[in-house]
Amino acid sequence: MSKGMAYHKNLNLRYDVTLPIRDGPVRFGVLDKNGLSSNAWGVYVESSGDIYLVCRDHMKETKVSLHQSGKQHFGFPSESGLETAEGGRFWDEWSEPQFQKGSKVVPSYSLLFPSWALGLTKAVRDANPKVWNKNQVFVEAAESPEATIVSLVITDSDAEFAFKTNGEVQSFPLAVLPVRADRKLWVIARQGPEGNMKELAAHGILGINADRVAKLRDVPSGH
């Protein structure tokens with residue numbers, strides 16, 4: 001049973017933060033009670049209406065792009081010059097989900113943060129103040145088997161959400177940003193079951209290691 005969510009404002013900021021943030025960019029991380037955190041993340045909305053979700057520290061070479069044209073993908077930026085193992089810049093591509101009949105809300109993309117995957121220490125964050133001192137908010141991590149989920153949700157311009165359940169906050173808006181004349185973007189922090197993420201992560205790591213071993217076998221002796 002979820003016991004409610006909380007967040008902490010970044011005391012290093014030189015301005016006050018009021019949620020939801022209404023003037024981007026939005027910069028956040030997930031922080032557990034032992035002081036371990038996720039990477040630093042950012043959400044940016046361009047004047048064109050394109051939305052970008054990026055990791056701001058250790059995985060800066062990747063980003064999620066939600067284009068107003070409806071094309072959406074996760075991969076390397078064009079300027080990086082990087083490609084996936086299969087070739088091309090994208091690991092995944094999809095089209096913007098459409099509003100269902102009678103609905104004004106469409107979830108577009110979510111990040112899931114299980115507590116066991118939070119591993120950055122305060123020392124690591126303090127060593128990179130140019131990134132971490134700009135974070136506006138630290139979302140308090142949910143405890144396993146719950147996970148913290150940060151979702152990007154596109155709505156009609158007049159859509160609103162209710163964020164309290166039985167007197168406890170089970171989710172809250174980090175930001176509400178205009179996207180187009182008739183659309184806005186909600187960045188919502190919430191709790192949800194982590195499911196089989198640990199097994200999926202372990203399987204993925206085994207696959208990566210097996211691929212590295214295979215490549216090492218192909219390296220000529222002495223190289």
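For reference, positions follow the sequence shown, starting with 1.
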For a 4.5 angstrom cut-off between non-hydrogen side-chain atoms, does S171 reach Q191? no

Is the closest side-chain heavy-atom distance between F138 and N10 below 4.5 Å? yes

Shared hydrophobic cluster, V54 / V64 (ILVMFWY, side-chain heavy atoms < 4.5 Å): no

Closest heavy-atom pair, P97 versus P107, reported as atoms and distance to 0.1 Å, is CG-O, 3.5 Å

Is it the case that atom NZ in K63 sees more than 12 heavy atoms from other parts of the structure closer than 6.0 Å? yes

Within-4.5 Å side-chain heavy-atom neighbours: R125 and D57: no

Heavy-atom donor-acceptor pair, E140 side chain to M5 backbone, under 3.5 Å: no

Apply side chain to side chain contact (heavy atoms under 4.5 Å, CB included) to residues D92 and H73 and explain how you reach the verdict. CA-CA 6 Å; D92 197 9; H73 48 77; over 6 Å; no

Heavy-atom neighbours of K9 NZ exceed 12 at 6.0 Å: yes

Determine whether the side chains of N135 and R56 contain a donor N or O and an acceptor N or O closer than 3.5 Å. yes

Please answer whether the main-chain N or O of G35 pairs with a side-chain N or O of D32 as donor and acceptor at a distance below 3.5 Å. yes

Would you give the length of the straight line joining atom CD of E93 to atom OG of S65, rounded to the nearest 0.5 angstrom? 10.5 Å

How close do L31 and S37 get, heavy atom to heavy atom, and via which atoms? CD1-CB, 3.9 Å

Can you name the closest pair of heavy atoms from T148 and A141 and give their distance? OG1-CA, 3.4 Å

Over all atoms of both residues, closest heavy-atom pair of P178 and V45: O-CG1, 3.6 Å

So do N39 and L120 actually touch side chain to side chain, heavy atoms under 4.5 Å? yes

Donor-acceptor side-chain pairing of E96 and S108 below 3.5 angstrom: no

Over all atoms of both residues, closest heavy-atom pair of L112 and A147: CD2-CB, 3.9 Å

Among W91, Y52, F90, find the residue that satisfies the ring pair (Phe, Tyr, Trp, His ring centres under 6.0 Å) test when tested with F74. W91

For the residue pair E143 and K33, establish whether any side-chain heavy-atom pair is separated by less than 4.5 Å. yes

Kindly determine whether V150 and L174 satisfy side chain to side chain contact (heavy atoms under 4.5 Å, CB included), including the steps that lead there. CA-CA 9 Å; V150 177; L174 289 176; 4.3 Å; yes

Check: E194/S144 side-chain N/O donor and acceptor closer than 3.5 Å: yes

Can you measure from CZ (R27) to CG (L13) and round to the nearest 0.5 angstrom? 8.5 Å

For the atom pair CG (N133) and CG (N12), what is the distance rounded to the nearest 0.5 Å? 4.0 Å

Counting only heavy atoms not in D23, do more than 12 sit closer than 6.0 Å to its CG atom? no

Are any non-hydrogen side-chain atoms of I149 and L111 less than 4.5 angstrom apart? no

Check whether the side chains of W186 and T155 place a donor and an acceptor atom closer than 3.5 Å, and report yes or no. yes

Let me confirm one number: the CZ-OG distance from R190 to S151, rounded to the nearest 0.5 Å. 4.0 Å

Let me confirm one number: the CG-OG1 distance from L118 to T121, rounded to the nearest 0.5 Å. 12.5 Å

Do you know which two heavy atoms are closest between E61 and F76, and how far apart they sit? O-CD2, 3.2 Å

Using side-chain heavy atoms (C-beta onward) and a distance below 4.5 Å, is F172 in contact with V139? yes

Do I154 and Y109 have side chains that approach each other closer than 4.5 Å (heavy atoms only, starting at C-beta)? no

Hey, what do you get for CG (L36) to NZ (K122), rounding to the nearest 0.5 Å? 13.0 Å

According to a hydrophobic-cluster definition based on side-chain heavy atoms being under 4.5 Å apart (Ile, Leu, Val, Met, Phe, Trp, Tyr only), do L152 and Y44 belong together? no

Quick one, V153 with L185, criterion side chain to side chain contact (heavy atoms under 4.5 Å, CB included). Give me CA distance, side-chain angles, the key distance, then yes/no. CA-CA 6 Å; V153 180; L185 170 70; 5.8 Å; no

Say whether F113 and V124 are linked into one hydrophobic cluster, either directly or through other cluster members, by side-chain heavy-atom distances under 4.5 angstrom. no

Go through it in stages, so that I can follow the logic: the residues are D156 and D182, the test is side chain to side chain contact (heavy atoms under 4.5 Å, CB included), and I'd like the CA-CA distance, side-chain angles, deciding distance and then a yes or no. CA-CA 6 Å; D156 273 0; D182 59 342; 5.7 Å; no

When hydrophobic residues are tied together by side-chain contacts of less than 4.5 Å, even through go-betweens, does W132 share a cluster with V30? no

Test of understanding: clusters of I, L, V, M, F, W, Y form through side-chain heavy atoms closer than 4.5 Å, transitively. Do Y7 and L11 belong to the same one? no

